[in-house]
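Structure first, commentary second.
Ligands are counted one by one from 1 in listed order, and the atoms in each one are counted from 1 as well. Keep in mind that this is a model prediction, so the values were computed, not measured.
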Amino acid sequence: MMNAARQHRTRQWILATSVFVFSAVAIAVLIWRWEQQTLIEVRARAADLTADHAHTLQRDIERALSATYAIAALVRQGQGNIADFEAVATEMLPFYPGVAALGMAPDGIIRNVVPLAGNEKSIGFNQLKDNTQNQEALMARDTGRLTLAGPLKLAQGGLGVVGRLPVFLNDAQGHKVFWGFTYVTLRFPDALASARLPLLTQRGYAYELWRTAPDTGERQSIEASGNGVLDAPVERTLELPNGQWTLSVAPINGWGQSDRLGFEATINFFLSLLMAYLAWLLYEMRVRDQGLEVQVNERTAEILATQRQLQATLGAIPDPLLELGLDGRCYNAHSSRTDSLPWPTEDLIGRTIMELLPPQACQIVLAALQEAKEKECSIGKQIKVPLDNGMHWFEMSVTRKSALPGEEPLFLVLCRDITESKQAERKIQLLAHFDSLTGLPNRVLLTDRCNLALSAAQRNGTPLALLLLDLDHFKNVNDSLGHRVGDEVLIALAGRLKGAVREQDTVCRLGGDEFILVLPETNAAGAAHIAEMLLQSALVAFELEPHELTVTPSIGIALFPGDGSDFDTLSRCADAAMYRAKKDGRNNYRFFTAEMQARSERTLTLENALRRALERNQLQLHYQPQISLASGRVVGAEALLRWSHPELGAVPPAEFIPVAETCGLILPIGEWVLRTSVQQLKAWIDAGMLPIALSVNLSSVQFRHADLPELVTSILNEAQLPAHLLELELTENVAMTDPLGAIAVMNNLHERGVRMSIDDFGTGYSSLSYLKKFRVYKIKIDQSFVRDITEDSDDKAIVGAIISMATSLGMQTIAEGVETEGQLEFLKAKGCTEVQGYYFSRPLPVEQFEAFMGTKSSSNQPFVPAQSAIDIRL
Ligand SMILES: Nc1nc2c(ncn2[C@@H]2O[C@H](COP(=O)(O)O[C@H]3[C@@H](O)[C@H](n4cnc5c(=O)[nH]c(N)nc54)O[C@@H]3COP(=O)(O)O)[C@@H](O)[C@H]2O)c(=O)[nH]1
């Protein structure tokens, strides 16, 4: 920028200087030419004037001289005598102005002169003899021509010229004989008066009448204005007898150049300066114009780019854009889509929204315009407009355009078609509040409705019943007939439930096969009545081609205000009652009771206390030995969790583990069990104990957790315990709930070297085909079969069958709950691999287990119960 400015300034200076120089030269040339022209004109004028004066002078002199011819004629007439010369000459004289004297000089000697007065001295003057005049006289005589002598000093005094004409007379023989001269004397200055040379002086000219003296060749001044040497005078020659006179004329003040030179130079300087300044200004303006042009081009380009961008933006806006006045009149309309409005945009211009929209929409638009007028913009107002293809929703963004003071404001209204999002919103609303399968309200809407109903019940002091319905063994329907049939059952059931209740009641599906019914103004009797109806209605077979099936529900009932005053409490109570109904044989209903109340309170207490159990070191592991029936040695130990709470005391795992599973605490607790027991076994081995297998119970929640295999490996790695020493126990029910999933997890763990065993075997519904596929190392026979094994033939048969089946599948067997020798003997006889039970030892804390094991040394020995009298021979 700085360089460009400096360059411009330098160029400007160069231009101005050049223009100055050029102008100065040009003006100087012009002035010079003008001066030349003027000089020519002035000189021409001077020449004309000079010619006039010279001509007049010449004419007058010639005229004066012509008098000599007249006298000569008289002389010749009188053969040399003019008797009355004086009279004739006197008469002639007036006709020859400027002539001072007329005379005759026979033989060159003046004899007659008119007027005599003043010329007396000339009488007798011999013109041929006088040295000063005789040259012209002789020339006249010799040439026979008129001569003019002078200016010279006249014999009679004064300065003048003398014109002499030689007169020749014929002699007797006819020869011409010189007679003498007739002459005129012209006295200065009178002789020049007619030429009025002083007039030249009056006109500003200096002059000089001069001749070149024939005798000396010098310049001889005849008459001059007396202004010194003339400056380049104009000259006019007068041709006179025997010579020339010259009239030189020049302006007194010169030809006028030199005195104007300063003035002209000054004018030239200032004019050139002016031109230079103009050039400077022009350059400045040009630069500015160029700058402006660049700016204009840039601005134009910017405007065009902005216009293009705006056009592109407008084109990209799929929504109609209107320009409205406060009264709703449309001044402009744009829409890149033809189907976004029912009218062509050009048809909108000039019309008001009142002509186009329904009244309700008009009101909203006018309100939005008013709001935009006050707050500059209005966003989010929505209108409903009926279009050809149905009802459309538009959301408006109204912006006030800037207006000059006094101008009515205009507004840009962008109308976004939100019909689809409205529909989606409604759909989301529906999904958020309604069950997609049955169309019944879901938990969210149920909570709202239930809270509303509870508020009303509280206000009005009326009862309310909440029923939780769960289908019995519905999983079997899904598993055996497929989920599609299961879904159809649920849809049909939902219809029946809705049909069984009143308008003001709410039927909701919680998920799966669980339904909740909220029945306002319903007491225990009313609830029991509805529950009966529901049980009956479920019993009617569902006709689902090609199937016909019936389902039975179990229903739990909670009542407001007796069982609780909020939705969560009531649903928990109904849940507890429903479980009781299931426990009591299913296909019935149960009211929530005080005992259930106590139970649920206990659960809550345990849950709260359990949350702090880990961090407060209230958990402990006990280890129960597992004995090989082949060697009689302790070959393993089962880690069993114990919780000792300062107030609650020792809480049995059978009570707190289900609570931990429900509230999710089983994951951190289970990890703690796994890590603690693995580290313990490693510590024992490090301390010298012969390696034994460690059995750890896995809850269903743990087993289904995706991270389990990784967790197990990392815990083993942390402790650096060989994987085959860890045995994870999984209950039969958990394994069979999702056999394929279980197979995958078991395979994964098996590949990591970890052993799996099926716990509580015999209590569930194991499928032999699945059992074959389980990578199970050991089967644990549930203690319920062992308990009466010596008396109960069924148990004997079951245990015997389990052992032989496991053996044939290549699996180990362990019987738990062995308390007697008889049980032991039976199991041994049936070929069971291992045993575990109070007969050998209860689950023991670490120190006691170590003592039981006789630590390091005794662990190699066959097991002999320390305090038992029973000597089992293994
Ligand atoms: N997921 C986890 N479950 C665990 C964990 N620790 C225990 N449990 C499970 O809790 C249930 C109850 O266990 P517990 O009260 O410890 O009872 C075990 C034994 O003490 C008991 N047992 C052992 N021998 C005898 C006996 O001779 N007679 C008798 N009446 N009872 C005996 O049996 C239970 C052993 O259970 P099992 O796992 O099936 O081998 C129980 O289901 C435990 O599984 C844990 O850390 N995680």
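By the definition of a contact as any protein heavy atom under 4.0 Å away, atom 39 (O) of ligand 1 is in contact. Protein non-hydrogen atoms do not reach within 4.0 Å of atom 17 (O) of ligand 1.
Of the listed options Tyr838, Phe656, Phe703, Phe840, Tyr838 places a heavy atom closest to atom 32 (C) of ligand 1. When the heavy atoms of Ile657, Leu621, Leu641 are ranked by distance to atom 8 (N) of ligand 1, first place goes to Ile657. Among Ser757, Ser841, Pro653, the residue whose heavy atom lies nearest to atom 13 (O) of ligand 1 is Pro653.
Residue contacts with ligand 1 include Arg642, since one or more of its heavy atoms lies under 4.0 Å from the ligand. The shortest heavy-atom distance from Ser699 to ligand 1 is under 4.0 Å.
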Is there a salt bridge (Lys or Arg N to Asp or Glu O under 4.0 Å) between Asp686 and Lys682? Walk through the geometry before answering. CA-CA 6 Å; Asp686 287 349; Lys682 179 68 166 92; 2.8 Å; yes
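Counting only heavy atoms of the protein, atom 28 (N) of ligand 1 lies nearest to Glu819 OE2, 2.4 Å. In this structure, atom 7 (C) of ligand 1 lies nearest to the protein heavy atom Leu640 CD2, 3.5 Å. Of all protein heavy atoms, the one closest to atom 33 (O) of ligand 1 is Gln783 NE2, 2.8 Å.
Checked against a 3.5 angstrom limit, the closest N/O atoms of Tyr839 and ligand 1 fall outside it.
When non-hydrogen atoms are compared, ligand 1 lies under 4.0 Å from the backbone of Val818 (N, CA, C, O) but not from its side chain. At a 4.0 Å heavy-atom cut-off, ligand 1 touches Lys780 through the side chain alone. Contacts between Asn697 and ligand 1 below 4.0 angstrom, taking non-hydrogen atoms only, involve backbone and side chain alike. Residue-level proximity to ligand 1 for Gln624 is carried by the side chain, the only part with a heavy atom below 4.0 angstrom.
Minimum heavy-atom separation, Leu610 to Ala660: CD2-CB, 3.5 Å.
Evaluation of the ring-ring contact (aromatic ring centres under 6.0 Å, His included) rule for His645 yields Trp643 as partners, not counting sequence neighbours.
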